[in-house]
Amino acid sequence: MSTPSSTPPGAQAPDKPLAAEGGGATGKHKYPVNLPKTAFPMKANLVQNEPASLKRWSGLAAGKGLYTSLVVERASAPAFVFHDGPPYANGNIHMGHLMNKCLKDFVVRSQMMAGKRCAFVPGWDCHGLPIEHKVMTDLIEGGKYDKIAALPDDQRKMAVRRECRKYAEKFVKLQGEQMQRLLTLGDYAHPYLTMDPAYEGAVLEVLADLVEQGLVYRALKPVHWSIANETALAEAELEYEDREDLSVYVDFEALDADAVYDAFGLAKKLEGDDEDEEEPLTGSLREPPLPAPAGRGEGGPRPAQRPSFMIWTTTPWTLPANVGIAVNPKHEYALVRVDGNVTVMAAGLVEKVTAAANAEDVRVLATTPGANLLGLRYKHPFVSNPPPCGLGRVCDPAHLWSVVAADYVTLEDGTGIVHTAPGHGAEDFATGLREHLPIYCPVQGDGTYDGTAPDWLRGVSVWDANKKVTDWLRNSGHLFYDHTFTHSYPHDWRSKTPTIFRCTEQWFVGVDGLPETARGRAGAAEGRNLREMALASVDAGANTTAGTAVPQQGVKFVPEWGRNRLRGMLESRPDWCISRQRAWGLPIPAFTTPEGAAFMTAASVRAVAKVVREKGSDAWFTLPPQELLKHYDAASDKDPLAKLLAEGSRHGVPAHHLKKGNDILDVWFESGTSWNAVLRERNLGYPADLYLEGSDQHRGWFQSSLLPALGATGQPPFRTLLTHGFMVDKHGKKMSKSIGNDIKVEDLLKDHGADVCRWWVASLAYENDVKVDMEFFSLAGESYRKVRNTLRFMLSNLDDYQHSAGLNFSGTSLEAWVLGVFDALSARVQAAYADYDYRTVHLALYEFCSQTLSATYLAAVKDRLYCDKPDSPRRRQTQHALWTMTDGLCRLLAPLLPHTADEAWRALHKAAPGDDRSVHLLTFAPPTGAQPDEGWSSAMDTIAAASKALEDAKAQTGIQNPLDAGVHLPDKAGVLARFEAIDLADLLGVSKVWIDTSAEAARVEDLRARGWEACGRSWKRDGTVKKRADGGMLSDRDAAAVGLA
RNA sequence: AGGCCUGUAGCUCAGUUGGCUAGAGCGCACCCCUGAUAAGGGUGAGGUCGGCAGUUCGACCCUGCCCAGGCCUACCA
């Protein structure tokens, strides 16, 4: 049974706009007061209202929308060039995107508010393996791949590319909507997509510039290789599975026994010689082998037989490609006699290795740091002819088959001496490049050895070679020990077969100046050293502090340690491999002549770029070479390579005899040239004032943008690099879907709305890692509501106010004080925006709302707003200040809280639903010009002290309601005399203030003891309260306000 | 394993070139107001400044080591 309403028929339902009842004691008169009234609701209801704001903004200026009208309106304003790093077009946006996009939007909106033209073109990285991999998986699982796989190469790739494009388009659309839901402002109608034809053409034009500078070359590089599919594989296409392999310990005979013994500091005489003669000769009759300190031999005799270096490998099949052995210069190495043989290995591993092989007689003869072994030569166990150096390289024959340094050599496994085959391993490759060793790979695409291998291995599969090589070594006496063991090994994700590391020809951007092959190129005379240029630009901006101008060519870092981080990475980075063997990407427009020579010149790349601009990169797969090169004129190409090609010439190759290359560009090259494809193509300005991304982009986009820009334009593409940290959970652990501690942006928007999320982002120390938890958004919501309610209270007291500028008021007025504080706040906030210091913006705005306004000024002026005659000068003056601050505050808040600031601003201006006005079309307000009296500072100190006294009095006397109190303020300095006592009383929240020039401290008095009555309207006891004509007890002010004498 | 970075109250953050009893807001507890009311105001309790050692008359701040965490490399012969 439900309870019927207890309201009697005819009774008035309680009205929401609170009437002037209650208040005074019962039985007394009820007097009307000026109650607050506003349409701006206390409850934000962001989840529903934000989409409405979005819709309104998109309809502004007859459908042009907010972004477009702003940019058009600011056409001649100074530009702030900001550039978006493209997220990958895959999946829903996550917490990282939330922070990144909000921070970027703070930049865009605050720059616009500062009067700049800040164009922002959002972009997406559309090509690349993650999409291709996903699409392939879907095709395979859907049973559709077999049909596609049977097509000719170009057609197969086109089929895959069509699917990839659809996939990318889908996620660009999805993510774009999600980003706009975060209320971010940008040219979402015209984003940049790395798969757009114009973008692709612009990328190729940068490539052409780099080719022209002689920075692009073709060389060998080891890649993961699937023998089953005869293709290179990316990391993402590998699956690691356990596999049983043969591991071998092999002795490599030293070429010069004496040199080895010298390195170990052994005396230059043979074992068996008379012991007595041993002493003074050590190190004195010969040159030390190395500048490093001599080895720590005991000065004992040197063995008669030739020593060897013992290496360990789990891939015996790579031994034919061995060109060096690596030691760690810092580790200690031992010369060991093992069952009659003398060999070298890491001192710390002697016991482990010999025990594994069950060696019986083990004696360490001497030890020496690895540094002393560098340069020692050895004899390859079964290869005698020096291998070819490798495409486009020059090798140092003195380094072949010698001991080299590598700090990746550890003492965890093996012997501490690492077999090095640059053609078969990434680290070996790096070492090979550094030491000018051959990059040699005798293994062909089908996994068999080619003609350069020893005859007993030619045509043999590498898997069979493991045993063959091991047997050979055993027979020749080089094998110390072998055993099978199980380890995790990469497998091809599609064929499930084991992969190998194999050298293939790839395209590189050189970072250390001109490689041999690039010499003689057109324009190469002024070729650049990218590493030096990059380091110089990173260093050039050092020692600039926030706000100061960045020197030409220099880069400013926020935070400053980013400089160090980028510098370290630039110092150690290898040449950039820009080619990939995939379908979903932008082809590298290189051709192959019938003789197998690569053909690509600056002019030929520009010619293909022209076609790509018209038809997109699909053209590479659908058009024949002569069509792709239709804009190319070999006769006018100054590049020497152009001689290879001459249509119709007897000496050259006609274009239609060329073969198209199969490589696509690394996607990092595509996004790394966005400064050209977006900023320059769209005339937005170059270089950018700011790039803003996560700190992982020091390795990624910052570098991939810096290098091509330096190569092509000679200057960095950005003046400032700002980085933010990563999202971690509330315990500081990384967030991931698999752990299940991730927070969905969707959920946040549904529970809290975008403005609250943005308010939270603004509060972060974004340069560090950021802890996230659902609870934090509730807290942010509370703080948001405080700001909202402060705005609401001001709005509700402006309902009857018509603003007009140019009001003069005294410097001692409350208005002069509060507007003075507001001006300081405004300056502080604008400076913080300019410094990307949103935390300070957030804090300053919050504290102003909470402390200056809510707790102080608004509390003080409440009485005059409610009880003064509505149009009294004092009340209008207060409203003037309220209006000025509400308007100004909305502008200051607008970059952080686009919806709420606009909602409040429109409420202030009483904008009707169809009204186009918006706070976002404005700029920050100029200073109010208020000139607060110099005495305010000490006046406020006195008030604070008196406030404390009042608290004490409340605790000790019967005063509970501050309006029952009067306060005698000390004023020895005579500062307060020029202030209105009533203003000071209102700041204290008491009924009456007396200024006492002789008092030391504030004194509180109970006004009831004076017999002062409380006013029935304002509840104040100001000493003027008396019975009025209508019988009510009113103060003079209130009597006048209601028209009673 | 290496490079860079972080670690101050339950939470988010301040702490200027080493020098006062280490601050603020939120949250929490208690109180006031009931004409901003699913609001507003006030008061208070919370910290061995990640740990250990060192330099110094004096260290949250400088140095070293360790612990925990993050990003990026390298994960291998």
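Basis for what follows: all heavy atoms, side chains included, without hydrogens, waters or symmetry-related copies. So that the names make sense, note that chain A is the first sequence line, chain B the second, and so on, each numbered from 1.
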Looking just at side-chain N and O atoms, do A/W1019 and A/N961 make a donor-acceptor pair shorter than 3.5 Å? no
Can you tell me if the side-chain N/O atoms of A/Y866 get under 4.0 Å from OP1 or OP2 in B/A36? yes
At under 4.0 Å between heavy atoms, what does A/E847 touch on the DNA or RNA strands: base, sugar-phosphate, or nothing? sugar-phosphate
Hey, does A/K771 reach any base, or is it just sugar-phosphate, or nothing, if we go heavy atoms under 4.0 Å? sugar-phosphate
For A/K733, answer base if it contacts any base atom (sugar-phosphate contacts may also be present), sugar-phosphate if it contacts only those atoms, and nothing otherwise; contact means non-hydrogen atoms under 4.0 Å. sugar-phosphate
Over all strands shown, is A/A765 touching base, sugar-phosphate only, or nothing at heavy-atom distances under 4.0 angstrom? sugar-phosphate
Taken to the nearest whole Å, CG/A/L865 to P/B/G40 is 17 Å
Using a heavy-atom cut-off of 4.0 Å across all strands, would you classify A/R567 as base, sugar-phosphate, or nothing? nothing
For the P atoms, the ones on B/C62 and on B/C26, what distance do you get once it is rounded to whole angstrom? 31 Å
In a table with atom names and distances, give each donor-acceptor pair under 3.5 Å that connects a side chain of residues 851-861 of chain A to protein atoms at least two apart or in another chain.
{"unit_1": "A/T856", "atom_1": "OG1", "unit_2": "A/Q851", "atom_2": "O", "d": "2.9"}
{"unit_1": "A/Y857", "atom_1": "OH", "unit_2": "A/E815", "atom_2": "OE2", "d": "2.5"}

Pairs touching residues 857-868 of chain A that satisfy salt bridge (charged side-chain N to carboxylate O under 4.0 Å, His left out), sequence neighbours left out: A/D863-A/K1020, A/D863-A/R1037, A/R864-A/D983, A/R864-A/D986, A/D868-A/R874, A/D868-A/R1037
Give every residue pair that meets the salt bridge (charged side-chain N to carboxylate O under 4.0 Å, His left out) criterion with at least one member in residues 953-963 of chain A, sequence neighbours excluded. A/E951-A/K954
Euclidean distance for C1', B/A45 against B/G10 (whole angstrom): 13 Å
Options B/A39, B/G35, B/U12, nucleotide nearest the side-chain atoms of A/N789: B/A39
Under 3.5 Å between N/O atoms: give me all the protein pairs with nucleotides 20-22 of chain B, atom names plus distance.
none

Pairing residues for A/D1038 by the side-chain hydrogen bond (donor to acceptor under 3.5 Å, both in side chains) criterion, not counting sequence neighbours: A/R1017, A/S1018, A/S1035
Lys/Arg-Asp/Glu bridge criterion (N-O < 4.0 Å) met for A/D773, A/K771: no
Go ahead and write out RNA chain B as dot-bracket, 5' to 3': ( ) for pairs within the strand, [ ] for ones crossing earlier pairs, | when the partner sits on another strand, dots for unpaired; Watson-Crick or G-U wobble, both distances under 3.5 Å. (((((((..((((.....[...)))).(((((.......))))).....(((((..]....))))))))))))....
Set of ring pair (Phe, Tyr, Trp, His ring centres under 6.0 Å) partners for A/H698, sequence neighbours left out: A/F702
Hey, what are the protein-to-nucleotides 2-7 of chain B N/O distances that come in under 3.5 Å?
{"unit_1": "B/G3", "atom_1": "N2", "unit_2": "A/R565", "atom_2": "NH1", "d": "2.7"}
{"unit_1": "B/C4", "atom_1": "O2", "unit_2": "A/R565", "atom_2": "NH1", "d": "3.3"}

Tell me which pairs pass salt bridge (charged side-chain N to carboxylate O under 4.0 Å, His left out) where either residue lies in residues 776-793 of chain A, with sequence neighbours left out. A/R788-A/E903
What nucleic acid atoms does A/S695 come within less than 4.0 Å of, heavy atoms only: base, sugar-phosphate, or nothing? sugar-phosphate
Going by salt bridge (charged side-chain N to carboxylate O under 4.0 Å, His left out), name the pairs with one or both residues in residues 482-491 of chain A, residues two or more places apart or in two chains. A/R474-A/D482
Nucleic acid footprint by protein, nucleotides 43-49 of chain B - heavy-atom cut-off 4.0 Å, B for base, S for sugar-phosphate alone: -------
Under 4.0 Å, heavy atoms only, any strand: does A/L843 hit a base, just the sugar-phosphate, or nothing? nothing
Roughly, in whole Å, what's the span from CE in A/M774 to P in B/C11? 19 Å
Protein-nucleotides 73-77 of chain B N/O pairs under 3.5 Å:
{"unit_1": "B/A74", "atom_1": "O3'", "unit_2": "A/E427", "atom_2": "OE2", "d": "3.3"}
{"unit_1": "B/A74", "atom_1": "O2'", "unit_2": "A/E427", "atom_2": "OE2", "d": "2.8"}
{"unit_1": "B/C76", "atom_1": "O2", "unit_2": "A/E427", "atom_2": "OE1", "d": "3.3"}
{"unit_1": "B/C76", "atom_1": "N4", "unit_2": "A/E412", "atom_2": "OE1", "d": "3.4"}
{"unit_1": "B/A77", "atom_1": "OP1", "unit_2": "A/T314", "atom_2": "OG1", "d": "3.4"}
{"unit_1": "B/A77", "atom_1": "O5'", "unit_2": "A/T314", "atom_2": "OG1", "d": "3.2"}
{"unit_1": "B/A77", "atom_1": "O3'", "unit_2": "A/T313", "atom_2": "OG1", "d": "2.2"}
{"unit_1": "B/A77", "atom_1": "O3'", "unit_2": "A/T314", "atom_2": "N", "d": "2.9"}
{"unit_1": "B/A77", "atom_1": "O2'", "unit_2": "A/W312", "atom_2": "O", "d": "3.1"}
{"unit_1": "B/A77", "atom_1": "N6", "unit_2": "A/T410", "atom_2": "OG1", "d": "2.9"}

Atom P, compared across B/C57 and B/G46: separation rounded to whole Å: 35 Å
What's the NZ-C1' distance between A/K786 and B/G40, to the nearest Å? 7 Å
Could you give the CG-to-C1' distance, from A/L779 to B/C13, as a whole number of Å? 13 Å
Distance in angstrom units between A/D696 CG and B/C72 C1', rounded: 8 Å
